[in-house]
Novice: 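Sharing a structure here in structure tokens format.
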Amino acid sequence: MTDTVHLSLEEVHALARDALRRLGCSEPQAGAIADTVTAAERDECQSHGLFRIPFYARVIATGRPDPRAEPEISELAPAVARVDGRMGFAPLALQRGAAPLAERARSQGIAALSVNNVFHIAALWPEVERLAEQGLVAFAFTGAINYVAPAGGTRPLFGTNPMAFAWPRENGPPVVFDQASSVSARGEIQIRRRDGVSLPAGWAVGPDGAPTTDPDIALKGAQLPFGGHKGSAIAMMVELLAGALIGDLFSYEAGERDADGTGAPQGGELMIAIDPARCTAGGEATASLGHAEQLFSRILEQEGTRLPSQRRVDARRRTLTAGVEVPRSLVERIGALG
Ligand code: NDP
């Protein structure tokens, strides 16, 4: 028997959705999570694919999220919409908030979406990519659980706080980046602990504040922001945008609420969308998008470069027809959930 199971993307979706339904999620909640999990498998971002389903199971078991929540949309200002996730999971709130955000970006030129009261353990690229596919420039920011020390400090305060950006293209998928503000994702440290592999220097400090390459000690201590004070400033900005600005939690507050250590933070997300057609005197996006293509060409002229998101786009071309390989133990574990 092989260690992996071959699944089509439809089978990935059904496996995720059915498990989430058995765990008590409503059809819309289960469907939206299954959409993001399937997109992650499709783009070979396995750490946000089926791998996450047991995380959803753990956090549902605490009784803290409402797996049947129906998000509620409201308007805070002509260019600011709000989606209250009502303690459900982020993917459904984000799906429901996409159209109100896009409509406001088109009418106002720039608009924001405040996403509150959600449990967020997903990647951010699906929501910014969705907007850029409609011709909008998009940003997303969310906090996490406090695992990261501020530059110069040694105690966990910030989350791994990802931010994502998407730029639309006329003849192809958007250019997207989506990155944590810590040197490494937490999962990278957990995988190294499982495999008995040391960490590269500079990823973490131990509880005593001393630099460590031991994954076990690192997980008890604090991760470090990327680029020293620069990543630390971005992590702080993400806390402010996705916490204080939109009336939601900071990562340390999310950490305090995650007493069971599920690793699934309750918190908020801020999205911003800009219509490029409304940012130039001519009122058309064509010139801006064409100009951007020149920059992309200049980047790619240099050997060794690629555009962010190209890896995902290449993976997608393969997996849409070929399907994906998933560890058998994970498929069995998901099949037994609920
Ligand atoms: P990576 O460091 O793997 O990648 C960051 C970005 O850089 C990606 O957009 C990637 O594009 C791009 N990239 C990577 N290598 C190159 C290269 N050589 N040239 C150009 N671009 C490149 O991501 P992270 O580990 O920082 O984050 C992983 C995911 O984890 C993100 O999706 C993030 O949203 C998520 N996350 C979620 C959290 C949550 O609580 N919800 C918390 C923290 C992280 P490509 O995809 O094409 O490789």
Side-chain angles (χ1 to χ4, degrees), residues 33 36-37 39-49 51-52 55-56 59 85 89-91 93-94 115 118-129 132 138-148 156 158-167 172-192 199-200 203 223-227 231 234-235 238-239 242-243 248-255 257-258 262-271 295-296 298-300 302-319:
I33 298 169
T36 63
V37 161
E41 290 289 342
R42 180 199 65 198
D43 288 10
E44 294 181 350
C45 298
Q46 284 90 351
S47 65
H48 287 91
F51 172 76
R52 288 281 157 176
F55 284 75
Y56 284 99
V59 66
F89 291 103
L94 290 159
V115 184
V118 290
F119 284 78
H120 205 313
I121 40 178
L124 303 187
W125 56 261
E127 51 261 34
V128 289
E129 190 169 75
F139 301 82
F141 310 88
T142 192
I145 285 179
N146 55 319
Y147 296 131
V148 179
F158 299 144
T160 43
N161 296 5
M163 60 177 281
F165 169 79
W167 180 269
V175 170
V176 180
F177 75 73
D178 176 14
Q179 59 193 39
S181 46
S182 47
V183 178
S184 76
R186 192 156 187 86
E188 291 292 323
I189 300 181
Q190 289 162 333
I191 287 167
R192 281 171 170 78
L199 307 180
W203 279 26
Q223 291 177 242
L224 295 175
F226 78 84
I234 289 175
V238 173
E239 295 287 339
D248 220 300
L249 302 181
F250 290 132
S251 296
Y252 71 83
E253 293 167 329
R257 293 194 186 195
D258 187 39
T262 63
Q266 180 201 324
E269 176 168 338
L270 176 73
M271 293 199 68
L295 175 69
F296 298 146
R298 292 286 183 112
I299 293 170
L300 294 172
Q302 299 197 25
E303 207 180 311
T305 63
R306 71 163 170 94
L307 295 178
S309 67
Q310 191 59 50
R311 180 195 63 77
R312 286 192 302 103
V313 171
D314 292 345
R316 189 178 300 183
R317 285 203 188 99
R318 284 192 303 276
T319 61

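Any value given below was found using the heavy atoms of this structure, including those in side chains, with hydrogens, waters and symmetry copies removed. Ligands are counted one by one from 1 in listed order, and the atoms in each one are counted from 1 as well.
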Novice: Determine whether Pro200 and Glu188 make a side-chain contact, defined as any pair of heavy atoms from C-beta on separated by less than 4.5 Å.
Specialist: no
Novice: Classify the ring geometry of Phe139 against Phe141: parallel below 30°, tilted from 30° to 60°, perpendicular beyond 60°.
Specialist: parallel
Novice: Could you tell me, for ligand 1, which of its N or O atoms are under 3.5 Å from any protein N or O, listing the pairs and their distances rounded to 0.1 Å?
Specialist:
from, atom 1, to, atom 2, distance (Å)
ligand 1, 9 (O), Asp178, N, 3.1
ligand 1, 11 (O), Ser309, N, 3.4
ligand 1, 15 (N), Arg306, NH2, 3.1
ligand 1, 26 (O), Ala180, N, 2.8
ligand 1, 32 (O), Asp178, OD2, 2.5
ligand 1, 34 (O), Leu124, N, 3.4
ligand 1, 34 (O), Asp178, OD1, 2.7
ligand 1, 34 (O), Asp178, OD2, 2.9
ligand 1, 41 (N), His120, ND1, 3.3
ligand 1, 41 (N), Ala122, O, 2.8
ligand 1, 46 (O), Arg311, NH2, 3.3
ligand 1, 47 (O), Arg306, NH1, 3.0
ligand 1, 47 (O), Ser309, N, 2.9
ligand 1, 47 (O), Arg311, N, 3.4
ligand 1, 48 (O), Arg306, NH2, 2.9
ligand 1, 48 (O), Arg311, NE, 2.8

Novice: With a 4.0 Å cut-off on N to O distance, would you call Arg311 and Asp314 a salt bridge?
Specialist: no
Novice: Closer than 3.5 angstrom, by distance alone: can the side chain of Ser309 be matched with the main-chain N or O of Val176 as a donor-acceptor pair?
Specialist: yes
Novice: Is it true that Glu253 and Arg257 have a side-chain N and a carboxylate O under 4.0 angstrom from each other?
Specialist: no
Novice: Within a reach of under 6.0 Å around CZ of Arg306, are more than 12 heavy atoms found that belong to other residues, nucleotides or ligands?
Specialist: yes
